[in-house]
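So the structure is just underneath, and the comments pick up after that.
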Amino acid sequence: MGKGIPSRQEDYSAWYNELVKKADLAEPSAVRGCMVIKPYGFSIWEKMQAELDRMFKETGHTNAYFPLFIPKSYLSKEAQHVDGFAKECAVVTHHRLKNAEDGSGVVVDPAAKLEEELIVRPTSETVIWNSYRNWIQSYRDLPLLINQWANVVRWEMRTRLFLRTAEFLWQEGHTAHATEQEAVDETEQMLEVYATFVEQFMAVPVIRGLKTPSERFAGAVETYCIEALMQDGKALQAGTSHFLGQNFAKAFDVKFATKEGGLDHVWGTSWGVSTRLMGALIMAHSDDNGLVLPPKLAPIQVVIVPIFKTEEQFSAISAKVNSLKTELQHLGITVKFDHRDTHKPGWKFAEYELKGVPVRLAIGPRDLENNTVEVARRDTLTKQSMEMDDFFPQKIRDLLEEIQTNIYDRALKLQQENSQKVDTYEEFKRVLEQDGGFVYAHWDGTDETEAKIKEETKATIRCIPLSAEEEEGKCIYSGKPSNKRVLFAKAY
RNA sequence: CGGGGCGUAGCGCAGUCCGGUUAGCGUACCUGCUUUGGGAGCAGGGGGUCGCAGGUUCGAAUCCUGCCGCCCCGACCA
């Protein structure tokens with residue numbers, strides 16, 4: 001393995017960083033904390049976008065676009081909201097540069113100072129609600145169901161490719177409703193859209209839940225989330241859906257005439273997932289040989305590598321491969337025939353493993369003679385020779401489905417094997433220390449206890465699972481009564 | 001912003017402690033020949049402001065001072 005990456009065992013975070021770079025997903029840029037998403041990485045993101053976008057539209061949402069800049073005054077309209085984001089905002093203060101008098105380059109022109117500074121959006125609630133005020137007059141204008149695909153900037157202190165970057169790509173849905181119930185339903189519906197997407201397309205099982213008040217989105221009444229477990233035993237928040245109550249409607253004075261002739265503030269939601277999902281995808285499935293991509297999101301689902309010595313062999317193989325490729329494409333499969341003669345087969349095998357291509361077919365002179373194909377699976381790293389009969393393309397399609405299911409099952413097994421219930425604080429600390437993973441325990445519901453546990457163990461309450469069963473118990477920290485277990489973990 | 005580590009060819013590194021030919025190795029790249037069922041072999045070749053700026057010295061990648069950047073661990077966070 002000349003171009004190997006570090007193993008997960010020896011250094012998980014080095015493995016992650018190297019994998020992201022070596023698999024050509026992304027690389028650090030000249031700007032601190034910002035990354036360049038490379039073509040291969042971006043194709044995966046595009047596949048995620050396409051599916052999510054389809055799901056949003058299917059649930060009645062429409063895309064729109066709001067500006068990158070937010071007037072500073074907007075941000076101070078919702079008090080909690082400012083507190084939540086103030087510390088990590090990039091601010092635009094000037095609009096012009098000029099040549100330095102000493103010829104040393106360009107400098108900011110002090111004469112071009114903005115009257116009101118602009119904030120580069122860390123999220124768009126404020127600009128969007130400011131528009132909604134004008135868009136909504138009557139119950140007939142509701143519900144307003146809008147999504148935007150955008151980039152946002154949060155000036156993070158420490159960044160990691162995909163998991164936390166100063167600028168990231170995401171989608172943010174912002175909706176307004178006539179009733180509280182309708183807004184809550186929307187919040188829950190979008191959480192379910194996220195969970196479905198992550199589980200069915202990314203093949204990553206998630207826990208659906210509610211954030212505790214201290215982990216809630218700034219300005220929300222309730223924050224719903226999905227949490228996924230990574231291979232190193234840490235949790236990753238994969239998506240959030242917020243019920244905003246009437247907070248933003250009040251802050252931005254968004255009122256509507258009700259059917260009954262009254263005047264009321266609308267009820268809001270917002271929900272988002274980001275390029276962080278790429279991080280979850282990478283960490284959930286990949287191994288020491290490289291990426292393992294779920295077929296549903298792989299930019300290349302099947303790669304065909306010819307093995308040949310002579311021109312004659314190559315033409316014979318090409319003829320066969322080209323018709324096979326067409327048949328596979330007719331079944332909706334994305335196929336690449338890598339016929340480059342600048343790289344040897346072994347090199348290509350390693351390369352496509354690194355890039356996580358789910359299925360690799362190799363065809364050489366031996367296969368031509370026997371009418372066979374060597375089929376290799378990325379998820380299990382196994383190979384078998386298969387007859388190239390009429391059913392072969394369907395078999396490959398079935399195999400892709402099997403791989404999708406297999407990696408989901410594998411991730412689910414990992415999650416289940418790394419989930420434990422504990423009843424004492426001693427046990428809690430021991431489990432976190434030794435095993436990591438998801439820990440279900442009783443909590444007294446107070447911010448103080450949550451903060452103490454975080455301080456002492458670095459573990460946070462990831463969520464109060466929606467599926468939590470009613471169960472009498474005592475808080476592992478304070479001993480006070482509790483009626484359900486919450487999910488603790490160390491998180492990204 | 002605290003603690004630790006690091007900046008030498010595209011990438012990965014040695015050399016720095018103890019200053020001294022023309023700064024070296026692996027890999028990648030280019031050329032040629034032989035190769036091709038798991039990252040080919042041999043031969044030849046190109047590529048360097050040794051992070052930046054000062055200083056010490058006959059002489060600095062190496063010593064001193066200042067600065068910049070990156071990575072890891074914390075505080076903060078999707």
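Remember, predicted model here, so these are calculated numbers, not experimental data. Below, read A as the first sequence line, B as the second, and so on, with proteins coming before strands; counting in each chain starts at 1.
The side chain of A:E353 has B:G38 as its nearest neighbour among B:G38, B:C77, B:U36. Checking B:C77, B:G37, B:A75 against every side-chain atom of A:R164, the shortest atom distance belongs to B:C77. For A:K458, taking side-chain heavy atoms from C-beta onward, the closest of the listed nucleotides B:A75, B:C70, B:G37 is B:A75. The side chain of A:K344 approaches B:G37 more closely than any other nucleotide in the set B:G37, B:G74, B:C73. Taking the side chain of A:E156 as heavy atoms from C-beta on, and the options B:C73, B:C76, B:G37, the nearest nucleotide is B:C76. Among the nucleotides B:U36, B:G74, B:G39, the one closest to any side-chain atom of A:E351 is B:G39. Distance from the side chain of A:A350 is smallest for B:G38 among the nucleotides B:C72, B:C77, B:G38. Comparing B:G37, B:U36, B:G39 by their nearest atom to the side chain of A:R366 picks out B:G37.
B:C50 sits 11 Å from B:A60 when the C1' atoms are compared, rounded to a whole Å. For B:U27 and B:G46, the C1' atoms lie 15 Å apart once the distance is rounded to whole Å. For the P atom pair drawn from B:A23 and B:G51, the interatomic distance equals 15 Å after rounding to whole Å. Between B:U16 and B:U8, the distance separating the two C1' atoms is 11 Å to the nearest Å. When the C1' atom is compared between B:U57 and B:G19, the two are found 9 Å apart, to the nearest whole Å. Look at the C1' atom in both B:G10 and B:C29: the space between them is 9 Å, to the nearest Å. B:A9 and B:G26 have their P atoms separated by 16 Å, with the value rounded to a whole Å. For the C1' atom pair drawn from B:U36 and B:G41, the interatomic distance equals 12 Å after rounding to whole Å.
Summarising the base pairing, B:G69 is matched to B:C6 through a Watson-Crick or G-U wobble pair whose two defining distances lie under 3.5 Å. Across the strands present, B:A60 finds no partner; the criterion is a Watson-Crick or G-U wobble pair with both atom distances under 3.5 angstrom. The partner of B:U16, taking Watson-Crick or G-U wobble pairs whose two distances both stay under 3.5 Å, does not exist in any strand shown. Of all nucleotides present, only B:C11 satisfies the Watson-Crick or G-U wobble test against B:G26, with each distance under 3.5 Å. Both distances falling under 3.5 Å, in either a Watson-Crick or a G-U wobble arrangement, occur for no nucleotide opposite B:C76. For B:G38, there is no paired nucleotide, since no Watson-Crick or G-U wobble pair has both relevant distances below 3.5 Å.
In this structure, A:W347 and A:H343 have parallel ring planes: the angle between them is below the 30° cut-off, well short of the 60° mark. Ring geometry, A:F314 versus A:F337: the interplanar angle falls under 30°, so the pair is classed parallel (tilted spans 30 to 60°). Ring pair A:W271/A:Y194 is perpendicular by interplanar angle, where above 60° counts as perpendicular and below 30° as parallel.
As rounded to whole Å, 11 Å separates atom C1' of B:C11 from atom NZ of A:K38. Rounded to whole Å, the distance from CD on A:E27 to C1' on B:G10 is 11 Å. The separation between A:D341 atom CG and B:G37 atom P is 15 Å, rounded to whole Å. The CZ-C1' distance, from A:R32 to B:C68, rounds to 14 Å in whole Å. In this structure, OH of A:Y12 is placed 19 Å from P of B:C71, rounded to the nearest angstrom. Computed from coordinates, the A:I5 CD1 to B:G12 P distance equals 15 Å when rounded to whole Å. Rounding to whole angstrom units, CD of residue A:E369 and P of B:G37 are separated by 16 Å. The CZ atom of A:F314 sits 19 Å away from the P atom of B:U35 (whole-angstrom rounding).
A:E172 places a side-chain N or O within donor-acceptor distance of the main-chain N or O of A:S124, the cut-off being under 3.5 Å. Put simply, the side chain of A:N370 gets close to the backbone of A:R366: a donor and an acceptor are under 3.5 Å apart.
Counting only N and O atoms by type, the side chains of A:E353 and A:N289 include no donor and acceptor under 3.5 Å apart.
In this structure, A:T165 reaches the bases: a heavy-atom distance under 4.0 Å links it to at least one base atom across the strands shown. Here A:P28 lies out of heavy-atom contact (under 4.0 Å) with every strand. A:S274 comes within contact range of at least one nucleobase, with a heavy-atom separation under 4.0 Å. No contact: A:F217 has no heavy atom under 4.0 Å from any strand. Here A:L236 lies out of heavy-atom contact (under 4.0 Å) with every strand.
Proximity of A:R158 to the phosphate of B:C73: a side-chain N or O atom is located under 4.0 Å from OP1 or OP2. Close to B:G38, at under 4.0 Å from its OP1 or OP2, lies no side-chain N or O of A:N289.
Ranked by how close their nearest RNA chain B nucleotide is to the 5' end, A:M157 and A:Q237 are led by A:M157. Residue A:E374 is the one, among A:N17 and A:E374, whose nearest nucleotide of RNA chain B lies closer to the 5' end (criterion: closest heavy atom).
A:K355 has a carboxylate O that lies under 4.0 Å from a charged side-chain N of A:D24, or vice versa, which qualifies the two as a salt bridge.
Taking the six-membered ring for Trp and the full ring otherwise, the centers of A:F252 and A:Y132 sit at least 6.0 Å from each other.
Taking only distance into account, the side chain of A:K383 meets the base of B:G38 through a donor-acceptor pair shorter than 3.5 Å.
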